[in-house]
Amino acid sequence: MIKSRSKDAIWRALRPVIAASVGLLVGVAFTAMAGEQPWNVLRVILKGAFGSTYDLGLTLFYTTPIILTGLAVALPIKAGLFNIGAEGQLNMGALAVAAVGILCPQVPQPWNILLAVTAGFAAGAFWGSIPGWLKAYRGSHEVITTIMLNFIAAGLTGWAVLALLPSLDSQNPESARIAPSYLLQHFSWFGDAPVTWALPMAVAAAVLVWVLFRFTIPGFKLTATGLSPEAAQVSGISVRFQQWLALTLGGGLAGLVGVAEVMGNSGRFRIGFSPDYGFIGIPVALLAGAHPLGLVFSALLFGALQKGTAELDLETTYVTRDLAAMIQAMVVLAVSAEGGLTLWRRHRLAAKSMKPTRVKD
Amino acid sequence: MLCRHLSRLVPILVLVVLGAGLVGAVATPSALAAPFRVGIVLDKGGKDDKSFNAAAFKGAQEAEKKLGVTTKILEGRDDNSAEPMLRSLADKKFDLIIAIGFSQADAVKKVAAQYPGSHFVLADAEVKAPNVESLMFEEHQAAFLVGMIAALSSKTGKVGFIGGMDIPLIRRFQMGYEAGVKHANAKTQVIVNYVGVTGEAWNNPPKGKELALAQYAGGADVIFAAAGATGSGVFDAAEEKKKLAIGCDSNQNWVKPGFVLTSLLKRLDLAVFKTIADAKQGIYKTGTTRYGLSDQGVDFAVDEFNAKILSKDVIAKANAAKAAILAGKVQVPDYYKLAHTK
């Protein structure tokens, strides 16, 4: 019994790794059709992602927001909800961080960082709380509302940046610069790569979410809601509040991307800064089976792919940006198929085991 | 950056490029030396954007063919990818590194400072550094001329302007256009709409069509679309309502023959080619090189596709205005300068 369970655990841990590898190999196989040496392509990707401390730094730079959006997807999954709105939530968070950085330059050193981080989290959380409320109290499906709010956030942040906080020294669609005291120091070890305290912050957030679910009662309530809303309701848990809370917290985590981008990288809000971090968060969460710590590693995989495949354009003859995107897409496809299957099975298993104790209300 | 429509080269362009190519070929006999390597980083639009990046790509291809240089074209994937790409090219000691699009200004500034031995060229934005040449276009001058053409061709006394994303660059088009309209006929009204405030505005033909239909319904009969790929929606509306539209950046007269009155040309392909040709001869410029009406860096398009709808009289008046602008007799308001003095 114990033996088969540990075997099971190994199998469960291995499956996403196998899925990601299969996706990568299929993607690389496509480059062979374009006339490249597949092994050379793999080598370039690896070298591009980890070849030097600068490359590694850029990989970690891409990993940071993806950890946060992965968490923004994973946390609601635990409560049985699918958050596709991380893209909008991170835009709102970044807008709040930029607004604080531009409008409150006088706040003294440690407090300003705290203020900006809080603002980023709060703005993302606010944006997540809207579909949360609609889901919990109006029964609107969160997949629809979170997607739609992405567009509203894009429009709103675009307007706010250009109308209220416009940049006067460039013609890029971006905000003015935040006060220098808000800028996070780059870790010098990575050369010019913008790796900052935002990375440890993202990892700490992952640990916190893990602790929340592993050791605390609020985490248990969220989990119970996800496994069986009826059972949770009967045990005295307010399912509506838990659903609202899950999307709100998820939104807040996505909002922290604003800290990494605005304070750690560009020093301003650039419209369209995110290469779909919010959507990359979905396969990242699925690959890790929504496990907050496992997700850090799947985020690293996607960060490495983002950086590594960027190098293909320069280092190979035939692999263009689009073919590189295809390699990434194959990994996403393989991982989503596997991850979706795992989640679905687990959900069904849980629902089955709950059935005998289900009480009609 | 703008109007992403595939342009067909007018024969004149071919001649000009051929001529420049011959000059370049004659002037550079050193075929034995290592190949002259040019790295070009396009912005997110990519080489198939049928407009600004496509023009740069075309210029690079011409250079490869006519000058015997080797080019490596890289396409930016997100806002943060330009910097590592520029750095990689500098690391590999490319002889000339060209960055396309104002979004790369910060990256060029940073990387150029770290690689003083490399030479960089930036299109559509200015960076002041000893190893950077900036290519700027006087869009407002050409916009003034197409504004005149629009007003002179309008029968209703109303013309339209549809901008893509609401940014200073497009405001510059708008301001020049409006001045041209008023210069031709002070009574002509201009209806102005912008597609949006995000990058999506460059690529939204349905919205472009919707805005154009609304402007036509409001009485306009000529619309200038400075809106990237969104412009194709404006052309659709023109065809549907049997009205006129004006293209932008590339020559788009051929897209809907008979409905595209003319196109504002922004000749990045020429600028890129010329820069590469100069560099190959060892001429590395710094500071800002401006392309305007005088060197055909910007212009309006006259070809067989719009010969029937663009009257000779209008062309003559526009050419007269062009001469007046070049002579300094007509001042075209420049949004950039106004914005700076504000």
Quiz item: For A:Asn265, is it the side chain, the backbone, both, or neither that has a heavy atom closer than 4.5 Å to a heavy atom of chain B?
Solution: side chain
Quiz item: Any donor-acceptor pair under 3.5 Å linking the side chain of B:Asn131 with the backbone of B:Gly117?
Solution: no
Quiz item: Checking heavy atoms, do the side chain of B:Gln114, its backbone, both or neither come under 4.5 Å from chain A?
Solution: side chain
Exercise. Against chain A, label B:Arg87 side chain, backbone, both or neither, depending on which of its atoms sit under 4.5 Å from a heavy atom there.
Key: side chain
Quiz item: What part of A:Ile271 gets closer than 4.5 Å to chain B, counting heavy atoms only: side chain, backbone, both or neither?
Solution: both
Quiz item: Which bit of A:Tyr277 comes within less than 4.5 Å of chain B, counting heavy atoms only: side chain, backbone, both or neither?
Solution: side chain
Quiz item: Quick one: does A:Asp313's side chain have a donor or acceptor within less than 3.5 Å of a partner on B:Glu75's backbone?
Solution: yes
Quiz item: Do A:Leu314 and B:Met85 touch side chain to side chain, with heavy atoms closer than 4.5 Å?
Solution: no
Quiz item: Which answer fits A:Thr309, side chain, backbone, both or neither, if we ask what part of it has an atom under 4.5 Å from a heavy atom of chain B?
Solution: both
Quiz prompt | Most chain B-contacting option - heavy-atom pairs closer than 4.5 Å, from A:Glu311, A:Lys307, A:Glu315 | solution = A:Glu315
Quiz item: Between A:Gln89 and A:Gly124, is there a donor-acceptor pair closer than 3.5 Å when you use the side chain of the first and the backbone of the second?
Solution: no
Practice problem: Sort B:Asn80 into side chain, backbone, both or neither according to what part of it lies under 4.5 angstrom from a heavy atom of chain A. | Solution: both
Exercise. Would you tell me whether A:Ser52 and A:Asp55 have side-chain atoms, one donor and one acceptor, within less than 3.5 Å of each other?
Key: yes
Quiz item: Would you find more than 12 non-hydrogen atoms of other residues, nucleotides or ligands less than 6.0 Å from B:Lys109 atom NZ?
Solution: no
